[in-house]
Amino acid sequence: MNRVIALLAGILFGMGMVVSQMVDPAKVMGFLNISGNWDPSLAFVMGGALLVFSPCYHLFIKPRQTAISGEVLKVPTTTAIDKPLIIGASLFGLGWGLAGICPGPALTALVTGQQEILLFLAAMAGGQLLVIGWSKLRVRAMQRASS
Amino acid sequence: MENFTPWSALAGGALLGLSAVILLLFRGRIAGISGILSGLFTPHKEDTSWRVLFLVGMMLGAAILLPMGFSIAKVPQGSTLLYVLAGLLVGIGTKLGNGCTSGHGICGMGRFSVRSVVATVVFMGVAILVVLLREQLGWF
């Protein structure tokens with residue numbers, strides 16, 4: 001049952017990406033390009049998602065101790081507006097603005113097997129691994145310094 | 001604004017919101033795509049299968065709709081360097097900033113997290129600026 005839920009949630013997400021046309025980088029660029037023939041669709045995608053998610057979260061999820069499966073509700077508890085958040089969001093914005101592709105559309109469009117998507121995803125995974133490796137090195141250096 | 005598609009945008013967005021509600025309510029997980037992927041690189045027990053199933057589900061969802069009149073537009077043919085550079089920046093940025101358009105933009109903002117609102121304003125602002133510079137100044 002738990003596995004079916006994860007798969008079902010993924011299916012709905014992929015369908016949302018296709019229905020909203022967010023898998024089309026040109027559609028995303030139409031939103032980001034405010035000086036051209038502006039297409040506000042992306043804001044409506046986010047609005048539609050928030051209209052469903054936000055009330056459901058506050059009414060049905062927030063009051064709960066655990067998920068229905070009994071698992072911990074892994075809701076982020078960090079509230080700091082710190083340097084990694086700002087630098088990370090800026091770098092993500094830079095990459096997003098360059099190609100018009102963000103992680104959701106990229107993973108959905110992987111089904112088409114387009115070479116550009118494969119390149120983007122391989123580089124994206126590489127970028128995530130770089131940060132993971134770098135933070136591991138930093139933790140180790142700090143441990144060495146304190147011991 | 002002749003390309004504006006408000007109804008399909010709202011409907012697609014509602015599906016994304018529903019997906020996020022189901023994953024969080026039933027499994028306690030945030031439907032943030034960059035985080036679902038990067039979690040695979042630091043595997044913990046009992047933490048891998050839901051991620052793989054969700055990601056496979058995304059492609060399956062698209063595959064189900066394709067024969068029903070929906071389509072996935074081809075990505076514009078660009079240089080290899082552009083897609084690699086963009087992917088690298090998106091990977092580093094989402095890992096460092098803990099989220100992307102779905103994690104911060106939908107789940108975080110939906111929870112009224114100030115951190116996510118700030119992240120969303122920053123990545124959207126920077127992306128708009130990048131496109132503006134390209135359109136107005138012909139950079140890159």
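So you know, we letter chains A, B, ... as the sequences are listed, proteins then strands, and number each from 1. Keep in mind it's a predicted model, so treat the numbers as computed, not measured. The analysis underlying the following values was restricted to heavy atoms, covering all of them including side chains, and did not include hydrogens, waters or symmetry mates.
At a 4.5 Å heavy-atom cutoff, the contact between B:V90 and chain A is made by backbone and side-chain atoms alike. Only the side chain of A:K27 has a heavy atom closer than 4.5 Å to any heavy atom of chain B. With a 4.5 Å cut-off on non-hydrogen atoms, A:Y57 touches chain B through its side chain but not through its backbone. For A:I34, the part lying near chain B is the side chain, with the backbone staying farther off; criterion is any non-hydrogen pair under 4.5 Å. Using a 4.5 Å cut-off between heavy atoms, A:R64 contacts chain B through its side chain alone, with no backbone atom that close. For B:L25, the parts lying under 4.5 angstrom from a heavy atom of chain A are both the backbone and the side chain. With a 4.5 Å cut-off on non-hydrogen atoms, B:E46 does not touch chain A at all. Using a 4.5 Å cut-off between heavy atoms, B:T94 touches chain A through backbone and side chain atoms alike. Within the 4.5 angstrom heavy-atom criterion, no atom of B:S116 approaches chain A. For a residue to count as touching a neighbouring chain, one of its non-hydrogen atoms must lie under 4.5 Å from one of that chain's; by this rule B:S113 does not touch chain A. When heavy atoms are compared at a cutoff of 4.5 Å, A:T112 approaches chain B solely by way of its side chain, counted from C-beta outward. Interface remark: A:I86 contributes backbone and side-chain atoms alike to the contact with chain B (heavy atom separation under 4.5 Å). Contact of A:M17 with chain B is made through backbone and side chain together, with heavy-atom distances under 4.5 Å. Contacts of A:P55 with chain B are absent, with no heavy-atom separation under 4.5 Å from either backbone or side chain. A:L7 touches chain B through backbone and side chain together, each having a heavy atom under 4.5 Å away. With a threshold of 4.5 angstrom between heavy atoms, B:I106 approaches chain A through its backbone and through its side chain. Interface remark: B:L129 contributes no atoms to any contact with chain A (heavy atom separation under 4.5 Å). In this structure, the portion of A:I117 lying under 4.5 Å from any heavy atom of chain B is its side chain and not its backbone. With a 4.5 Å cut-off on non-hydrogen atoms, A:T78 touches chain B through its backbone and its side chain both. With a 4.5 angstrom heavy-atom cutoff, A:P40 touches chain B via backbone and side-chain atoms both. In this structure, chain B has a heavy atom under 4.5 Å from the side chain of A:E71, while its backbone stays farther away.
Between A:F53 and B:M109, the closest side-chain pair of non-hydrogen atoms is not below 4.5 Å. Residues B:P76 and A:P25 have side chains in contact (heavy-atom distance under 4.5 Å, counting atoms from C-beta outward). Counting heavy atoms from C-beta on, the side chains of A:P76 and B:R111 come closer than 4.5 Å. The side-chain heavy atoms of B:F4 and A:F44, taken from C-beta on, include a pair separated by under 4.5 Å. Residues B:M58 and B:L55 form a side-chain contact, since some pair of their non-hydrogen atoms from C-beta on lies under 4.5 Å apart.
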Q: Take A:F92 and B:F123 through the test ring-ring contact (aromatic ring centres under 6.0 Å, His included) and record every step on the way to the result.
A: CA-CA 6 Å; A:F92 167 41; B:F123 66 65; 4.7 Å; yes
Q: Apply side-chain hydrogen bond (donor to acceptor under 3.5 Å, both in side chains) to B:N3 and B:T5, showing your working.
A: CA-CA 6 Å; B:N3 296 324; B:T5 49; over 6 Å; no
Q. What do the steps show when you test A:V28 against A:M22 for side-chain contact (heavy atoms from CB on, under 4.5 Å), and what is the final call?
A. CA-CA 6 Å; A:V28 175; A:M22 289 298 108; 4.1 Å; yes
Q) Hey, mind stepping through B:R51 and B:R29 against side-chain contact (heavy atoms from CB on, under 4.5 Å) and telling me if it holds? A) CA-CA 10 Å; B:R51 294 176 191 274; B:R29 302 302 182 137; 4.1 Å; yes
Q | Stepwise side-chain contact (heavy atoms from CB on, under 4.5 Å) check, B:I72 with A:D24 | A | CA-CA 7 Å; B:I72 297 182; A:D24 181 359; over 6 Å; no
Q: Let me see the working for B:V21 and A:F60 under side-chain contact (heavy atoms from CB on, under 4.5 Å), right down to the final yes or no.
A: CA-CA 9 Å; B:V21 168; A:F60 309 124; 5.9 Å; no
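A:R3 places no side-chain N or O within donor-acceptor distance of the main-chain N or O of B:S49, the cut-off being under 3.5 Å. No side-chain donor-acceptor contact under 3.5 Å links A:W96 to the backbone of B:M124. Side-chain N or O atoms of B:H104 include none that pairs as donor or acceptor with a backbone N or O of B:V121 at under 3.5 Å. Judged purely by atom type and a 3.5 angstrom limit, A:E116 has no side-chain atom pairing as donor or acceptor with the backbone of B:Q77. Distance alone, capped at 3.5 Å, places no donor-acceptor pair between the B:R115 side chain and the A:D82 backbone.
Taking B:I22, B:L60, B:L23, B:L65 one by one and counting their heavy-atom pairs under 4.5 Å with chain A, the maximum is reached by B:L65. In terms of heavy-atom pairs under 4.5 Å with chain A, the best-connected choice from B:A11, B:C107, B:G103, B:S71 is B:C107. With chain A as partner, the option from B:L66, B:L24, B:L40 having the largest number of non-hydrogen pairs under 4.5 angstrom is B:L24. Interface check for chain B: of the options A:S90, A:C56, A:A43, the most heavy-atom pairs under 4.5 Å are formed by A:S90. By number of non-hydrogen pairs under 4.5 angstrom with chain B, the leading residue of A:L110, A:L91, A:L121 is A:L91. The most heavy-atom pairs under 4.5 Å with chain B, out of A:G14, A:G88, A:C102, come from A:G88. Most heavy-atom pairs under 4.5 Å with chain B, from the set A:I87, A:V75, A:L130: that is A:V75. Counting heavy-atom pairs closer than 4.5 Å to chain A, the top-ranked of the candidates B:T101, B:T120, B:V75 is B:V75. Top candidate by heavy-atom pairs under 4.5 Å with chain A, chosen from B:S34, B:G32, B:A119, is B:S34. Per-residue counts of heavy-atom pairs under 4.5 Å with chain B were compared for A:Q128, A:Q21, A:Q115; the largest is that of A:Q128. Chosen from B:T80, B:N98, B:V56, the residue pairing most often with chain A at heavy-atom distances under 4.5 Å is B:T80. Put simply, of A:G70, A:A80, A:G47, the one with the most heavy-atom pairs under 4.5 Å next to chain B is A:A80.
With 3.5 Å as the limit, one finds a donor-acceptor pair spanning the side chains of B:Q136 and A:S35.
Taking all atoms of both residues into account, the shortest heavy-atom contact from B:S19 to A:A9 is OG-O, 2.8 Å. When all heavy atoms are compared, the tightest approach of B:Y83 to B:G78 is CE1-N, 3.5 Å.
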